[in-house]
2 protein chains.
Amino acid sequence: MPAKPVPDIVVARLPLYLRALAAMRKSGKTFASSKEMAQWLGMSPAQIRKDLSYFGEFGKQGMGYAVDDLQARLRQILHLDREWPIVIIGAGRIGSAVAAYPGFADHGFRVCALFDNDPAKIGTCIAGLRVHDVRTLPEFVRAHGVRLAMLAVPAEAAQAVAELAVSAGISAILNYAPLNLALPDHVRVENIDPALHLQHMTYYLD
Amino acid sequence: MPAKPVPDIVVARLPLYLRALAAMRKSGKTFASSKEMAQWLGMSPAQIRKDLSYFGEFGKQGMGYAVDDLQARLRQILHLDREWPIVIIGAGRIGSAVAAYPGFADHGFRVCALFDNDPAKIGTCIAGLRVHDVRTLPEFVRAHGVRLAMLAVPAEAAQAVAELAVSAGISAILNYAPLNLALPDHVRVENIDPALHLQHMTYYLD
DNA sequence: CAGTGTGAAAGTCTTCACAGCT
DNA sequence: AGCTGTGAAGACTTTCACACTG
């Protein structure tokens, strides 16, 4: 759809717009201007308009954007107009916490299984989900057409497990392990590391 | 120390360098070149050199950087040469998971208390930590000189609780609630939202 | 008019490429 | 030879400012 290539940084902001729109909707608004959304999100109106303009002309002059409409368009653009199955690899503390987090289901992601290599965990249930042997991961991923994985294993194991996942068909990984995964270019990786954020913030203290 | 103002984006990468150095050290190296670190981190050597040059000349020509030395310098720069007490606000699923995560202590952060407003939780222990009444937060923060907080309350409550924390002396917040906190400029806020990352990645699927 | 969409300007960040040190 | 530190170039991002529209 986009005539010109869309910068990744712009794509990264679209989910924020979706979040702002959800808030607008909850407060009963049917139209939202770039200014209102910008205020809610703590960013500039111009940036929102420019970002959206990469994908089309969604606004009405003098009115702003129709909330429902823009929400639907953004969902299409982000491929959120369907349900995405996800697997969680690693059933330790982080994996369990992530599995129990309801915020994914709310956004159209369905966590459908956990994987671990610890025999003591395999076969048990965590947050209502069965823990499978990680060796059965490829089979499971292929059978269910899973594309997304959240990786919550110890750093030492992460690279090998990630490669296993990718070879089975996983093409996007949300990585909680504190290292850089080296994977083929066609695989998207995003990292989450709270410790990194804390270390960043202490720079500004004192 | 820095003669020229350091871009925030550069500060954000320093913890990554610390992580690379820890890995180098574990594998017994005493010197690390920008090239080696860059490879480990998946970035360019030039960027590492430029980033470090904001803070001084730490490298030895022809050798690279002395691992231990650079590690110590970066720790100083990031104010990680001390222990930082942290409070966690919100003892629900996320707060509990974060409290149990050992990764903070490993990096010099000491989680020292949890706060909640649910009478059923107050007084109990989670991950070995007492859950306090959130109304006693200001008192606690002042008494212990806490500057850092992790915020893990429902979105509706987040802004009010954040203001309470800031008025008590908190000056940096790691926010897990899915909204933009509006706080005075002197307060640093960083956000963690896994759902946002997933929504970002699905753009590139199919 | 209020508010979009957008070129052009300004600002920021990354990479290049090379002098200079060990 | 090998690698740092760094101006200058290049790439990317944000902001400005205004023509245009319902």
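None of these values were measured; they are calculated from a predicted model. Reminder, nothing fancy here: chain letters follow the sequence lines and each chain counts from 1.
Computed from coordinates, the A:Glu57 CD to C:dT6 C1' distance equals 10 Å when rounded to whole Å. One interatomic measurement links the two molecules: CE of A:Met37 to P of C:dG3, which rounds to 12 Å at whole-angstrom precision. To the nearest angstrom, C1' of C:dT14 lies 15 Å from CG of B:Leu52. Distance CG (B:Leu70) to C1' (D:dT4): 13 Å, rounded to an integer number of Å. As a whole-Å value, the separation of A:Glu36 CD from C:dA2 C1' is 11 Å. Nucleotide D:dT6 holds its P atom 11 Å from the CZ atom of B:Phe58, rounded to whole Å.
Taking the charged nitrogens against the carboxylate oxygens, B:Arg75 and B:Asp81 have no contact shorter than 4.0 Å, which rules out a salt bridge. Using a 4.0 Å cut-off between a side-chain N of Lys or Arg and a carboxylate O of Asp or Glu, B:Arg82 and A:Asp206 qualify as a salt bridge.
For B:Tyr65 and D:dG5, the shortest distance from a side-chain N or O to OP1 or OP2 is below 4.0 Å. For A:Ser34 and C:dT4, the shortest distance from a side-chain N or O to OP1 or OP2 is below 4.0 Å.
Between B:Phe140 and B:His144, the ring planes lie parallel to each other; the angle is under 30°, not in the 30° to 60° tilted range.
For A:Arg142, there are no salt bridge (Lys or Arg N to Asp or Glu O under 4.0 Å) partners two or more places apart in sequence or in a different chain. A:Glu83 pairs by the salt bridge (Lys or Arg N to Asp or Glu O under 4.0 Å) definition with A:Arg110, not counting sequence neighbours.
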Exercise. Give the B/S/- string for nucleotides 9-22 of chain D, one per nucleotide from 5' to 3', where a protein heavy atom under 4.0 Å of the base yields B, of only the sugar-phosphate yields S, and otherwise -.
Key: ----SSB-B--BBS
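Considering CZ of B:Arg188 and OG1 of A:Thr202, their distance stands at 10.5 Å, rounded to 0.5 Å.
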